Amino acid sequence: MAAHSPAYGRHIEEVLRDNTFRSEIGVQSIFHPDREMGLADACSELGVPFVLSTAASSTIEEVASANGDGPRWFQLYWPNDDEITISILHRAQELKYTVLVVTLDTWSAGWRPLDLDLGYLPLLNGVGDQIGFSDPVFHSKFRKMHGIEIEDDIPLASREWLKIILSGSSQSWDRISFLKKHWPGPIVVKGIQHPEDAKLAVKAGCDGIIVSNHGGRPTIYGYAVAGKQGAQEVLMGLLADLDRSMSLSGIINLQECNKSSLVANE
Ligand SMILES: Cc1cc2nc3c(=O)[nH]c(=O)nc-3n(C[C@H](O)[C@H](O)[C@H](O)COP(=O)(O)O)c2cc1C
């Protein structure tokens, strides 16, 4: 029967190329000394798009270099300063990040008692702020505001950067046009959980949505245990699982994964 299945002859590389991307995970220096660069390299070898977080512990330039010819996307924590937003988008575009992922669901950090007890927030100590600290516009604004360089007071610079990228203030749907003006490629909004928001995203001109709740993902734990190889082991497991599930369901690509393959649980 397999020969007659529409899924017959599908190849894992196609699934890889067409249907997956590596979730955006910030501050990867806390997981492995290779920071974002090890995972960007691992993804490049597998042909999986690597998504660089705005809260990265590597710069846009370092990751582009580690990712080489691999596909890469950029995830934006939308700064509340338009000049800085334009600068970051410009840097990412120049280095061939093709898709912009705009995270909408991080109004505040989760309630993590252990982190609170320990006062643990790496971004307040210059860890995960590398996109900002390497940005020429943030540099000049910081210098103008405080009369010193970022390197002279990392905790102060960290606080200023956090106020810009995780300001707790919201953007509105009509502001997507601002991003479209400065980002010619596809724009995907992340953190959508309600059908009405999905419709609003499409109406605002977004090209895609990522339904997600900002929870946990296993690749990063594989990365923490065994670096690039560990990340690839987990990624291959996830991809094989996806491949098998699609195959068993007779689904060739994600376009075919539509309402017709879902059964309502009344
Ligand atoms: C340690 C960690 C760091 C994360 N950092 C970011 C980030 O910088 N930007 C972002 O948009 N999402 C971040 N996320 C959320 C993930 O991208 C993803 O949405 C989440 O793990 C849920 O997975 P799912 O979307 O497959 O449900 C992070 C998640 C974890 C566990």
Side-chain angles (χ1 to χ4, degrees), residues 19-32 34-40 42-43 48-60 62-63 72-79 85 88-89 92 97 99-112 114-116 118 120-134 158 161-162 164-168 170-171 179 183 186-194 197-198 201 206 208-225 227 230-231 234-235 237-239 241-242 245 254 257:
N19 297 332
T20 59
F21 66 92
R22 182 49 252 138
S23 257
E24 39 294 292
I25 301 285
V27 206
Q28 291 186 20
S29 60
I30 63 179
F31 301 108
H32 196 274
D34 290 344
R35 299 179 277 147
E36 285 73 10
M37 290 175 286
L39 202 48
C43 285
V48 174
F50 176 79
V51 192
L52 177 64
S53 162
T54 304
S57 37
S58 314
T59 66
I60 293 174
E62 286 173 325
V63 169
R72 50 185 169 270
W73 299 6
F74 186 77
Q75 175 264 322
L76 188 71
Y77 279 131
W78 196 336
T85 305
I88 291 177
L89 296 184
Y97 291 75
V99 176
L100 183 68
V101 177
V102 187
T103 298
L104 302 177
D105 64 1
T106 315
W107 283 58
S108 63
W111 185 257
R112 298 172 186 136
L114 189 62
D115 289 355
L116 291 170
L118 297 173
Y120 180 70
L121 184 53
L123 281 93
L124 269 184
N125 290 306
V127 181
D129 301 321
Q130 274 52 47
I131 303 244
F133 288 6
S134 57
S158 305
W161 180 242
L162 263 189
I164 290 170
I165 60 160
L166 295 174
S167 64
S170 62
Q171 300 280 356
L179 292 183
W183 184 270
I187 296 179
V188 171
V189 284
K190 170 170 184 268
I192 299 290
Q193 296 210 9
H194 197 284
D197 283 332
C206 298
I209 60 166
I210 298 176
V211 179
S212 133
N213 65 5
H214 223 100
R217 282 279 106 183
T219 315
I220 204 66
Y221 303 115
Y223 189 48
V225 170
V234 177
L235 269 175
L238 290 170
L239 291 164
D241 191 36
L242 174 66
S245 302
L254 273 199
C257 186

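In this text, all values refer to a predicted model and were calculated from it rather than measured experimentally. Each ligand, and each atom within it, is numbered from 1 in the order the structure gives.
Between G26 and ligand 1, at least one N/O pair is under 3.5 Å apart.
Residue contacts with ligand 1 for Q75 involve side-chain atoms from C-beta outward but no N, CA, C or O (heavy atoms, distance under 4.0 Å). Residue contacts with ligand 1 for I25 involve both N, CA, C or O and side-chain atoms from C-beta outward (heavy atoms, distance under 4.0 Å).
Separating the CG atom in D129 from the CG atom in L162 is a distance of 6.0 Å, to the nearest 0.5 Å.
The heavy atom nearest to atom 1 (C) of ligand 1, considering only F31, Y221, Y77, is found in F31. Looking at S53, G191, A224 and measuring to atom 8 (O) of ligand 1, the nearest heavy atom belongs to S53.
Residues satisfying the salt bridge (charged side-chain N to carboxylate O under 4.0 Å, His left out) test with R72, not counting sequence neighbours, are none. Residues forming a side-chain hydrogen bond (donor to acceptor under 3.5 Å, both in side chains) with Q193 (at least two apart in sequence, or on another chain): none.
Proximity of a side-chain donor or acceptor of E36 to a complementary backbone N or O of Q28 within less than 3.5 Å is detected.
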Fill in: Audit row: E62, Q130, side chain to side chain contact (heavy atoms under 4.5 Å, CB included) steps and yes/no
CA-CA 10 Å; E62 286 173 325; Q130 274 52 47; 5.6 Å; no
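Those atoms of ligand 1 that come under 4.0 Å of a heavy atom in T103, given as number and element, are 10 (C), 11 (O). Within the listing of ligand 1, atoms 19 (O), 25 (O) sit less than 4.0 angstrom from a heavy atom of S212.
Exactly one residue among L179, V101, T103 makes a side-chain contact (heavy atoms from CB on, under 4.5 Å) with L76. That residue is L179.
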